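Please read the structure below before turning to the comments.
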Amino acid sequence: MHFEYKVQGGDFARAGLASSQVKKVLKQLNVDAKLIKRVVVAMYEAEVNVVAHAYQGTINVDIDTERIVMAFSDHGPGIPDIPLAMQRGYSTASPVVREMGFGAGMGLPNIQSNADEFKITSVVGKGTNLEIIVYLNVPQE
Amino acid sequence: MIVADIVKALNLEVLSGAKGLQREVTSGYTSDLLSDVMGFADAGAAWVTLQTHKNVMAVASLKELGAIILVKGFKPEPDTIEQSDEEEIPILGTELSAFEITGKLYNMLQQE
Ligand SMILES: Nc1ncnc2c1ncn2[C@@H]1O[C@H](COP(=O)(O)OP(=O)(O)OP(=O)(O)O)[C@@H](O)[C@H]1O
Ligand SMILES: [Mg+2]
């Protein structure tokens, strides 16, 4: 199964829509509730990062019996220092975005802890690519 | 306990999502940082916050929280109310601070 979503930078009102649609699909497929929770946390944080930090992005989601692959590709400022961005508490979110309760610097660490595979690449001045994989056939404790 | 029990015991105002008053509440979480709640609140939690915008509902819905409690008289924005009604996740209001309402909620949940 393949789904594609467009995400617009700054469009906070729609942030989370793609995640909630994917959640519905996984529920219909009777995926383990614990796995759905992990997918939802990771996907939402990645979606919000495009809204909060980039100009526009595309999410490609592929689901098969083995795994769900969520590929985020955005046009944006990129991330100059990825290990720094991965640190809990590091954020460049604007004051307005922080006032909304974003910008704790917890999104990327949360994505990593909920993903089975996590790849991030970025080119400064161009954009960021993020791939999140969660295995669907592993029983959760 | 259910949301309606908390409304009654803590004298909260039902601001939206009244159809969800029978939802189960099994824990609480107090934070104004969305990715903190996203990462660490449990399903069925009552979320104490002062954030009023629509993303609060996105988080509550994705995490299947029990209810949202807005502190210090804060009121949800119109599109937040709309989604709360649609998803049937109640938003409740109190004049108390996050510290005070969290303490009361904590005691209630401990007695369960
Ligand atoms: N898609 C992106 N494009 C550009 N920069 C990004 C992107 N995603 C993350 N970043 C950078 O990495 C930092 C850390 O991201 P992370 O998601 O961990 O925290 P945050 O988004 O700032 O806050 P939170 O996720 O807690 O609301 C961001 O502040 C930003 O500088
Ligand atoms: Mg983030």
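Convention: sequence-line order gives letters A, B, ...; per-chain numbering from 1. Remember, predicted model here, so these are calculated numbers, not experimental data.
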Kindly work out whether a path of hydrophobic side-chain contacts (I/L/V/M/F/W/Y, heavy atoms less than 4.5 Å apart) joins [X] to [Y].
X	Y	result
B:L15	B:V7	yes
B:L10	B:L96	yes
A:Y5	A:L17	no
A:F118	A:L84	no
A:I59	A:Y55	no

Supply the atom-to-atom distance [X] [atom1] to [Y] [atom2], rounded to the nearest 0.5 angstrom.
X	Y	atom1	atom2	result
A:K37	B:D42	NZ	CG	7.0 Å
B:D36	A:R88	CG	CZ	8.5 Å
A:M43	B:L62	CE	CG	9.5 Å
A:S20	B:Q83	OG	CD	8.0 Å

Tell me whether [X] at atom [atom1] has more than 12 heavy atoms from other residues, nucleotides or ligands lying less than 6.0 Å away.
X	atom1	answer
A:E4	CD	yes
B:K72	NZ	no
A:H75	NE2	no

- Heavy-atom contacts under 4.5 Å, residues 99-112 of chain B to chain A: none

Counting N and O atoms only, with roles assigned by atom type, does the side chain of [X] sit under 3.5 Å from a partner on the main chain of [Y], one being a donor and the other an acceptor?
X	Y	result
A:N110	B:S35	yes
A:K23	B:K63	no
B:N55	A:F12	yes

- Just do the side chain to side chain contact (heavy atoms under 4.5 Å, CB included) check on B:L33 and A:F102 with the steps written out, would you? CA-CA 6 Å; B:L33 298 171; A:F102 298 107; over 6 Å; no

- Query: If you count heavy-atom pairs under 4.5 Å between each of B:Q51, B:E64, B:K54 and chain A, which one has the most?
  - Reply: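 The answer is B:Q51.
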
- Do A:V41 and B:F40 come within less than 4.5 Å of each other through their side chains, counting heavy atoms only?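 A:V41 vs B:F40: side chains apart.
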
- Task: May I ask you to test the B:M38-A:V40 pair for a side-chain heavy-atom distance under 4.5 Å?
- Result: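 With C-beta onward as the side chain, the pair touches.
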
